[in-house]
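One structure is given below, encoded as structure tokens.
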Amino acid sequence: MAFKVTVDLDLCQGYANCLIEAPALFDIDDDTNKAIILGGDEHDEALRNQADASVRGCPARAIVVEDL
Amino acid sequence: MDRIVVVGGSLAGVNAAEALREHGFNGELTLVSAEESLPYDRPPLSKQMLLEDMAPEKLLLKPTDWYEQNGVTVALANPARRLDSATQRVVLADDSELEYDGLVLATGSSVRELSVAHGDPRLHVLHSMEDAVRLRAEFAPGKHLVLVGGGFIGLEVAAAARAQGLDVTVIARGPAPLSRVFVGDVGQWYQGLHERNGVDVRCGSALEAIEWGVDGAVVTLKNGNVIKADIVVAGVGSTPAVEWLANSGIELSNGVACTPDLKTSLPNVVAAGDIVNWRNPIFGEQMRVEHWTNAVDQGRHAASTLLGNRDPFASVPYFWTDQFDTKMRFVGRTTGADQTNIETMTDDKLVATFGRDGVLIGAVCIGSPRQLAKYKVAIQNRTPWDEAVEASLTAAR
């Protein structure tokens, strides 16, 4: 099963925990200091553990992972 | 294992409960909390709660129906009073008893008292949701708020109050704010930030007395200075909440003494969060960490240990603070640092790294989240100090 990751940019505070937990899924925008999602709208199951860890590790609770 | 009790309606406690279910534990699970509210998130208490009048419901760690959906029985406003390890029972404040096969201790921190205040209720502290609501209600432009303590919570409260037009004075005992954690430049950078925003920062000041009158308080310093205040807030740190364990036979030492995998000295009892004193293999150092991410990770780790996992808890501590329009993110340690490298320092940005015994152990990043992620990995890999400094010079070229 593939999944989709979204970040609520109003909630995102640039903690960078997502970048630490899931470097394959996230980067940080240098201008806004907010998260950017890498690799499009659909992610392979191999990245699921990283994605779940990023959800748990986000202090702003800004990340949502949905099954596709 | 049929019955697990989690003591502490804390971030660590909730994460332990969640992880127990994720790992397939399907027996009875009870979460015991001293507080009246369901478990909530504390970092916003000194930030959004004071700045934006954030509704307390928004702080809840889990929605109200999560507990029932996950088969977690919650006992609120009923702190644990005693642990009887011989019969494996926890005794609560209402004298009820909970038997356990497995126990997770996650009682967090208690706020440190300011001795010169003699417990006066007019002195504010900031530890609970109720504290934040009470303090916020007193904010009004033009009032004078005196903050005792130059630590992170104190500086966050000072920034929030100043942003709302209060006059703010910070009384810090050390040579600069944050001197318990950082020596030198970082504390001075924060002092500069607060002064540019109109906060009166008095370092090297010890408190002599606080006297309350009809229209506020008079704060007297040891150097003879007298400051009139409408609101006085103490932010002088916290202590591990372990008094209730005093006669349980558990080994206590700066919190609860734990093995590398977060077991305590008692059988079938693990611990997580602020109270844990354990040896972190990444740093080869005994430590106790009072940070948000540590509570999440240790809660989950302690749960898996209780169910039979034997891995040590190895982590790079992570911490943040938001003050005015700056966001500091910190990874690692500063304890015992014998090297510091200031990579960048402007009014908006600060990147500084810390080394000990020739190894990179910590990094402060203000306005540079990418650097933070990079340094977290470098610290985890025990990167030699010279190599880390050389890499930062190369990157700057």
Side-chain angles (χ1 to χ4, degrees), chain A, chain B residues 11-12 14-16 18-19 22 40-44 47-48 51-52 54 58-63 291-301 315-322 325-332 348-349 363 365-380:
Chain A
M1 203 192 299
F3 65 91
K4 181 185 180 184
V5 182
T6 44
V7 174
D8 184 330
L9 292 180
D10 289 334
L11 294 177
C12 177
Q13 298 290 317
Y15 290 120
N17 280 13
C18 54
L19 190 50
I20 290 167
E21 299 290 350
L25 291 170
F26 296 95
D27 199 354
I28 296 275
D29 186 312
D30 276 333
D31 296 325
T32 63
N33 278 340
K34 287 181 185 262
I36 307 168
I37 293 171
L38 304 174
D41 274 350
E42 198 170 315
H43 292 285
D44 189 77
E45 200 58 23
L47 293 173
R48 173 75 73 162
N49 285 348
Q50 278 195 29
D52 287 346
S54 74
V55 172
R56 281 196 300 271
C58 177
R61 286 179 276 171
I63 302 169
V64 176
V65 171
E66 295 165 278
D67 291 332
L68 289 177
Chain B
L11 183 63
V14 168
N15 275 279
E18 183 172 45
E22 276 176 30
Y40 55 89
D41 210 20
R42 289 182 194 275
K47 306 178 184 73
Q48 293 92 326
L51 282 165
E52 300 157 17
M54 184 187 202
K58 286 201 166 177
L59 294 180
L60 293 181
L61 290 172
K62 296 288 179 193
H291 304 159
W292 189 94
T293 308
N294 182 65
V296 173
D297 294 345
Q298 281 194 344
R300 297 185 61 81
H301 198 96
S315 86
V316 178
Y318 170 94
F319 169 81
W320 75 87
T321 178
D322 299 346
D325 52 359
T326 67
K327 295 167 188 291
M328 179 225 270
R329 282 85 184 87
F330 177 80
V331 282
D348 308 323
K349 283 193 180 189
C365 301
I366 297 171
S368 308
R370 264 211 191 124
Q371 296 291 86
L372 176 93
K374 187 186 82 181
Y375 279 123
K376 155 105 194 246
V377 175
I379 293 165
Q380 197 151 8

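So that the names make sense, note that chain A is the first sequence line, chain B the second, and so on, each numbered from 1. Just so it is clear, the model here is predicted, and its values are computed rather than measured.
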d(A:Gln13 CD, B:Arg329 CZ) to nearest 0.5 Å is 7.5 Å
d(B:Arg370 CZ, A:Leu19 CG) to nearest 0.5 Å is 8.0 Å
Turns out that what part of A:Cys18 lies under 4.5 Å from chain B's heavy atoms comes down to neither
If you look at every heavy atom in [X] and [Y], which pair is closest and at what distance?
| X | Y | answer |
| --- | --- | --- |
| B:Pro369 | A:Asn33 | CD-OD1, 3.4 Å |
| B:Trp320 | A:Pro59 | CH2-CB, 3.3 Å |
| B:Asp322 | A:Tyr15 | OD2-OH, 3.8 Å |

With chain A, the option among B:Lys376, B:Arg300, B:Glu18 that has the most non-hydrogen atom pairs under 4.5 Å is B:Arg300
Of A:Gly14, A:Pro23, A:Ala53, the largest count of non-hydrogen pairs under 4.5 angstrom with chain B goes to A:Gly14
Exercise. Between A:Ile20 and B:Tyr318, does a side chain to side chain contact (heavy atoms under 4.5 Å, CB included) hold up when you go through it step by step?
Worked result: CA-CA 10 Å; A:Ile20 290 167; B:Tyr318 170 94; 4.3 Å; yes
If one checks every heavy atom of B:Gln380 against chain A at 4.5 Å, the contacting part turns out to be neither
Item to complete: Answer yes or no: does atom NZ of A:Lys34 have more than 12 heavy-atom neighbours from other residues, nucleotides or ligands under 6.0 Å?
Response: yes
B:Asp297 bridged to A:Arg56 by N-O distance under 4.0 Å
no
